[in-house]
Amino acid sequence: MFACCRAAERLCWGKFPLNHLVQARALSGVEAVNALRPFYFAVHPDFFGRHPREREVNENSLKRLNGYLENLQKPGLRSHKPARLTFYVRETIQNFENEQESIKEPGFRTVSFTLDSKDLRSTVLGILNSCSLSTDHVQSLSDNIGSTKTATSSYNRPIKWDKTFYSFTGYKDPEEELEQAQKTEITIISWIQSNQHMAQKKMSNSIPLREELERLKTELSNELQLSNVRWQRSWGIAHRCGQLHSLGRLIKHNCESLKNAKGHTIIFTDRTGVSAAGHVMLGTMDVHHHWTKLFERLPNYYILQRKLLQLQDRIGHLLGGIEVVHIEDLQPLLTMEEQYSVLDAFCKKLLNRRVPVHPRSLRGLQMILENDSFVPRLHEMGHFIIPAVCDPPSLQWFLLANAEKAREKLKRKEELKIEEQELTQACKDSASLSRLYKEPSVS
């Protein structure tokens, strides 16, 4: 060791540029969190209180993102499993009047990206770029250390520790992990096969509860002559049985008012009311009194529903014969009153600023009206997604400019359905699955 020190003393430091020894500084954990503040502000679940499905998606994705960032900070870890994440990102419209900035009620858009970087800086930049957020504040961290990054690129290499280092410290050897991962690469089929026995055990244990759930659902549907019973969120089987038991007790005490539910679909969700599609929504946190009042007022909603359909026809007539539809999988679960308010305001806007659209130019096309977005867009399945705040002249240009593309997507829609069914069946056969489905948030 002392010989090495004496040899080091003989180095000519005056002729060796010191800036070559400065390593490019990586982001620390605190810096990564600070850099992602605009992203957290745009996707934080607390801002999605009125949209429970989007809130749940963001909560799950944030948990996976935080786990990924924590793994990047672990010493000795060099291999990472890629993670595909989906977020609902809030949008805002900014108006500058009288030199003051005002921000309206935000909407949201869907953003998906894959985490596959090996360091915090690349991961942070990738997340911000995927969400179309500024990265200037991240780049400035690089500027603080001057131009030494390029000068030290040849010296910025990972340290290769001796095997005894990992044995003594307990850290994982990245080379051994990489070799092991290459030997046992996990695929979907291999993962299903390795978890097959656990899944079968859980399935067997849940059979009594699932049979009880089907029995309660069938009995209540027959007694009230319901069209269907559904759940908005993915509650557990025991939770669903409890909700059906609660409805069953209500039937015994208020049988007369519940006769109004005949022919309806009941959806257990987070709020009580009638949905825009005419379904009965029962809030799981509400007491029986609220449910009873809703069933008593159901006949009054028939008039409102007719007015809602008339508004949709009126808007379609003003926009060249396009059909105004409501797609539950793509839109927030609004009450009928909320949907009527949105349609009424939009129809008045079109009447006040009529746009010259040929009466039949958009016949055969579909559009959905959203109150929580600000940019019109064409969905991959062929229908238009139009914000309620959209300016009529801009809307006219957008619809006419994308009409042919929308018709092509609608033709392709049926082909995609057939391909998806065939692919789903092939996956079920290859993996010996009895059921395979996707969540509504998956495009």
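Within the 3.5 Å criterion, the main-chain N or O of Met203 finds a donor-acceptor partner in the side chain of Ser206. Between the side chain of His317 and the main chain of Ile322, no donor-acceptor pair closer than 3.5 Å is present. Remark: the backbone N or O of Pro392 is not paired with any side-chain donor or acceptor of Trp397 at under 3.5 angstrom. Using modelled atom types, one side-chain atom of Glu338 and one backbone atom of Thr335 make a donor-acceptor pair closer than 3.5 Å. Between the Arg64 side chain and the Arg84 main chain, a donor and an acceptor come within less than 3.5 Å of each other. A distance-only check finds a donor-acceptor pair linking the side chain of Asn260 to the backbone of Phe295 [under 3.5 Å]. With Ser341 contributing its side chain and Glu337 its backbone, the two residues share no donor-acceptor pair below 3.5 Å. With Asn228 contributing its side chain and Thr265 its backbone, the two residues share no donor-acceptor pair below 3.5 Å. A donor-acceptor pair is defined here as one N or O able to donate and one able to accept, closer than 3.5 Å; such a pair exists between the side chain of Thr218 and the backbone of Glu214. Asp119 places a side-chain N or O within 3.5 Å of a backbone atom of Ser122 that can act as its donor or acceptor partner.
Across Ser130 and Val111, no two heavy atoms sit closer than the pair O-CG1, 3.4 Å. The minimum heavy-atom distance between Ser275 and Met336, with the atom names listed, is O-CE, 3.6 Å. Closest non-hydrogen pair, Ala83 versus Tyr68, comes out as CB-CD1, 4.5 Å. Shortest non-hydrogen contact noted between Pro393 and Arg353 is CG-NH2, 3.5 Å. Between Thr272 and Leu282, the shortest heavy-atom distance links the atoms OG1-C, 4.0 Å. Heavy-atom minimum distance, Pro82 versus Asp116: CG-OD1, 3.5 Å.
Using a cutoff of 4.0 Å between basic side-chain nitrogens and carboxylate oxygens, Glu59 and Arg233 are not scored as salt-bridged. The pair Arg215-Glu212 counts as a salt bridge, with a side-chain nitrogen and a carboxylate oxygen less than 4.0 angstrom apart. Between Lys307 and Asp344 there is no salt bridge, since no side-chain N of the basic residue sits under 4.0 Å from a carboxylate O of the acidic one. Salt-bridge formation is not detected for the pair Asp286/Arg271: no Lys NZ or Arg NE/NH1/NH2 atom is positioned less than 4.0 Å from an Asp or Glu carboxylate oxygen.
Looking at Trp235 and Gln243, their side chains come closer than 4.5 Å, going by heavy atoms from C-beta outward. By the 4.5 Å heavy-atom criterion applied to side chains, Thr269 and Thr284 are not counted as neighbours. Side-chain contact check for Glu256 versus Lys259: some heavy-atom pair is nearer than 4.5 Å. Under the 4.5 Å side-chain criterion, counting only non-hydrogen atoms from C-beta, Val357 is not in contact with Leu318. Side chains of Leu334 and Tyr340 form no contact here, defined as non-hydrogen atoms less than 4.5 Å apart. Side-chain atoms of Ile315 and Leu319, non-hydrogen and from C-beta on, do get closer than 4.5 Å to each other. For the pair Lys405 and Leu378, the minimum side-chain heavy-atom distance is below 4.5 Å. Within the 4.5 Å cutoff, the side chain of Glu323 has no heavy atoms near those of the Met367 side chain.
A side chain to side chain contact (heavy atoms under 4.5 Å, CB included) with Leu216 holds for exactly one of Leu244, Leu247, Val229; it is Leu244. Shown are Arg53, Arg109, Arg55; of these, the side chain to side chain donor-acceptor pair (under 3.5 Å) with Tyr88 is made only by Arg53.
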For Tyr301 and Arg297, what are the C-alpha separation, side-chain angles and deciding distance, and is it a side chain to side chain donor-acceptor pair (under 3.5 Å)?
CA-CA 7 Å; Tyr301 281 94; Arg297 291 186 288 109; 3.1 Å; yes
Go through Gln425 and Asp429 one step at a time and tell me if the side chain to side chain donor-acceptor pair (under 3.5 Å) criterion holds.
CA-CA 6 Å; Gln425 187 60 46; Asp429 295 339; 3.0 Å; yes
Please test Leu85 against Phe87 for side chain to side chain contact (heavy atoms under 4.5 Å, CB included), starting from the C-alpha separation and ending with a verdict.
CA-CA 7 Å; Leu85 302 181; Phe87 285 96; 4.0 Å; yes
Check step by step if side chain to side chain contact (heavy atoms under 4.5 Å, CB included) holds for Val274 and His279.
CA-CA 6 Å; Val274 177; His279 304 320; over 6 Å; no
Could you go through Leu258 and Thr292, starting from their C-alpha distance and side-chain angles, then the distance that decides it, and tell me whether this counts as side chain to side chain contact (heavy atoms under 4.5 Å, CB included)?
CA-CA 8 Å; Leu258 267 72; Thr292 303; 5.5 Å; no
Under the side chain to side chain contact (heavy atoms under 4.5 Å, CB included) criterion, do Asn129 and Phe113 qualify, and how do the steps go?
CA-CA 10 Å; Asn129 287 326; Phe113 51 82; over 6 Å; no
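Once rounded to the nearest 0.5 Å, the distance linking CD1 of Ile266 with OG of Ser221 reads 8.0 Å. Taken from CG in Asn34 to CZ in Arg37, the straight-line distance is 4.5 Å, to the nearest 0.5 Å. Note that SG of Cys347 and CD of Gln310 are 11.0 Å apart. Values are rounded to the nearest 0.5 Å. Considering CZ of Phe268 and CZ of Arg240, their distance stands at 10.5 Å, rounded to 0.5 Å. Here CG of Leu36 is found 9.0 Å from CG of Leu120. Values are rounded to the nearest 0.5 Å. Summarising the geometry, atom CD belonging to Gln200 is positioned 11.0 Å from atom CG belonging to Asn195; distances are rounded to the nearest 0.5 Å.
By the side-chain contact (heavy atoms from CB on, under 4.5 Å) test, His253 is found to be paired with no residue, residues two or more places apart in sequence or in another chain being considered. Arg412 pairs by the salt bridge (charged side-chain N to carboxylate O under 4.0 Å, His left out) definition with Glu415, Glu419, not counting sequence neighbours. Considering only residues two or more places apart in sequence or on other chains, Ile207 meets the side-chain contact (heavy atoms from CB on, under 4.5 Å) condition with Arg210, Glu211.
The closest side-chain donor-acceptor pair between His264 and Ser227, if any, does not fall under 3.5 angstrom. No side-chain donor-acceptor contact under 3.5 Å links Asn60 and Glu56. Side-chain atoms of Thr86 and Ser61 form no donor-acceptor pair, as typed in the model, at a separation below 3.5 Å.
Within the cation-pi definition used here (under 6.0 Å to the ring centroid, within 45° of the axis), Arg90 does not qualify as a partner of Phe108.
A parallel orientation is assigned to the rings of His383 and His379, their planes being inclined by less than 30° (bins at 30° and 60°). The aromatic rings of Phe384 and Phe398 stand perpendicular to each other, their planes meeting at an angle above 60°, with 30° marking the opposite boundary.
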